[in-house]
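I have placed the structure first, in the form of structure tokens, so that the comments after it can refer back to it.
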Amino acid sequence: QVNLVESGGGSVQTGGSLTLSCVASGYTYSHYCMGWFRQAPGKEREGVASIDSDGTTTYKVSVKGRFTISRDNAKNILYLLMNNLKPEDTAMYYCAADVPAVCYGGSWYRSYEYSYWGQGTQVTVSS
């Protein structure tokens, strides 16, 4: 059974930093496409970043240069380093996993492409 558990969320001021973690278990983590998504109240869930099994990354335009996705395949942990946070980054952040084809097929940002989800961790950025 696939299990994803996020942590690291919190409240910061504009310009601050946070690092989110997602611990994976129950499957061959190193083979999977992994993604970070976020959902603000009243808005749809949106893709923030993805990373494939080889470490190739893709980002939402508005976070590129501020966020860094990475993975530790030995520890089965996915990370999202978030710098220069802005109020518009406020949301519940989720990690997600699915087969490698999701990363390679250009649909990494579509939430419905992912079968496995964590419970989320809240990020709040105040101005």
Side-chain angles (χ1 to χ4, degrees):
Q1 180 178 347
V2 175
N3 193 40
L4 302 171
V5 180
E6 303 97 334
S7 62
S11 297
V12 297
Q13 292 188 326
T14 298
S17 298
L18 285 172
T19 299
L20 307 183
S21 300
C22 172
V23 178
S25 62
Y27 68 107
T28 308
Y29 168 79
S30 62
H31 295 176
Y32 273 55
C33 173
M34 300 296 298
W36 282 103
F37 285 75
R38 66 187 182 188
Q39 188 167 19
K43 295 188 177 181
E44 292 189 357
R45 191 168 297 190
E46 61 179 9
V48 175
S50 72
I51 185 167
D52 68 17
S53 58
D54 295 328
T56 300
T57 58
T58 313
Y59 294 93
K60 178 180 173 63
V61 171
S62 63
V63 307
K64 201 168 185 179
R66 300 189 297 123
F67 291 10
T68 303
I69 187 172
S70 62
R71 64 192 299 165
D72 184 333
N73 288 339
K75 296 181 178 179
N76 289 3
I77 302 177
L78 178 72
Y79 299 100
L80 185 68
L81 169 62
M82 305 184 294
N83 291 323
N84 192 21
L85 282 161
K86 304 176 181 181
E88 52 263 43
D89 296 318
T90 295
M92 185 71 78
Y93 282 70
Y94 300 89
C95 68
D98 213 289
V99 296
V102 172
C103 278
Y104 302 141
S107 299
W108 69 270
Y109 57 94
R110 295 186 173 131
S111 59
Y112 60 77
E113 294 283 354
Y114 294 80
S115 301
Y116 308 109
W117 292 86
Q119 82 291 345
T121 186
Q122 178 68 38
V123 172
T124 302
V125 185
S126 58
S127 57

NZ of Lys43 to CE of Met92, rounded to nearest 0.5 Å, is 15.5 Å
Donor-acceptor pair, side chain of Tyr114 and main chain of Trp108, under 3.5 angstrom: yes
One should read off an interatomic distance between Lys64 NZ and Thr58 OG1, to the nearest 0.5 angstrom, of 8.0 Å
Roughly how far apart are Ser53 OG and Asn73 CG, rounded to 0.5 Å? 8.0 Å
Could you check if a side-chain atom of Leu18 sits within less than 4.5 angstrom of a side-chain atom of Leu85, using non-hydrogen atoms only? yes
Rounded at 0.5 Å granularity, tell me how far CG in Asn84 sits from OG in Ser17. 8.0 Å
So do the side chains of Gln39 and Glu44 get within less than 4.5 Å of each other, counting heavy atoms only? no
Indicate if Val12 and Leu80 have the same hydrophobic cluster label, given that clusters are the connected sets of ILVMFWY residues with side-chain heavy-atom separations under 4.5 angstrom. yes
A side-chain contact here means heavy atoms from C-beta on lying under 4.5 Å apart; do Met82 and Thr19 qualify? no
Answer yes or no: is there a donor N or O on one side and an acceptor on the other, between the side chain of Ser50 and the main chain of Gly35, under 3.5 Å? no
Can you tell if the side chain of Arg66 reaches within under 4.5 Å of the side chain of Asp89, non-hydrogen atoms only? yes
Contact check, side chains of Asp98 and Ser115, non-hydrogen atoms, under 4.5 Å: yes
Gln13, CD atom: more than 12 neighbouring heavy atoms under 6.0 Å: no
Nearest 0.5 Å, please: how far is CE in Met34 from SG in Cys95? 5.0 Å
Distance flag, aromatic centroids of Trp117 and Phe37, threshold under 6.0 Å: yes
Could you give me the CA-CA distance, side-chain angles and deciding distance for Arg38 and Arg45, then say whether side chain to side chain contact (heavy atoms under 4.5 Å, CB included) is met? CA-CA 6 Å; Arg38 66 187 182 188; Arg45 191 168 297 190; over 6 Å; no
Can you check whether Cys22 reaches Tyr94 side chain to side chain, under 4.5 Å on heavy atoms? no
Are the side chains of Ile51 and Leu78 in contact, using a 4.5 Å heavy-atom criterion? yes
Distance-minimising heavy-atom pair for Pro100 and His31: CG-O, 2.9 Å
To check you understand the geometry: which heavy-atom pair defines the closest contact between Ala49 and Tyr59, and what is its length? CB-CD2, 3.6 Å
Under the 3.5 angstrom rule, does the side chain of Thr14 hit a backbone N or O of Ser126 as a donor-acceptor pair? yes
Within a strict 4.5 Å, meaning less than it, do heavy atoms of the Thr90 and Val123 side chains meet? no
Would you sort out whether Val99 and Tyr104 count as a side chain to side chain contact (heavy atoms under 4.5 Å, CB included), showing the intermediate values? CA-CA 10 Å; Val99 296; Tyr104 302 141; over 6 Å; no
May I ask you to decide if the ring planes of Tyr93 and Phe67 are parallel, tilted or perpendicular, using 30° and 60° as cut-offs? tilted
Atom of Ala40, atom of Ala91 and distance for their closest heavy-atom approach: N-CB, 3.8 Å
Same apolar cluster (I L V M F W Y, side chains within < 4.5 Å links), Val102/Tyr32: no
Answer yes or no: is there a donor N or O on one side and an acceptor on the other, between the side chain of Asp72 and the main chain of Ala74, under 3.5 Å? yes
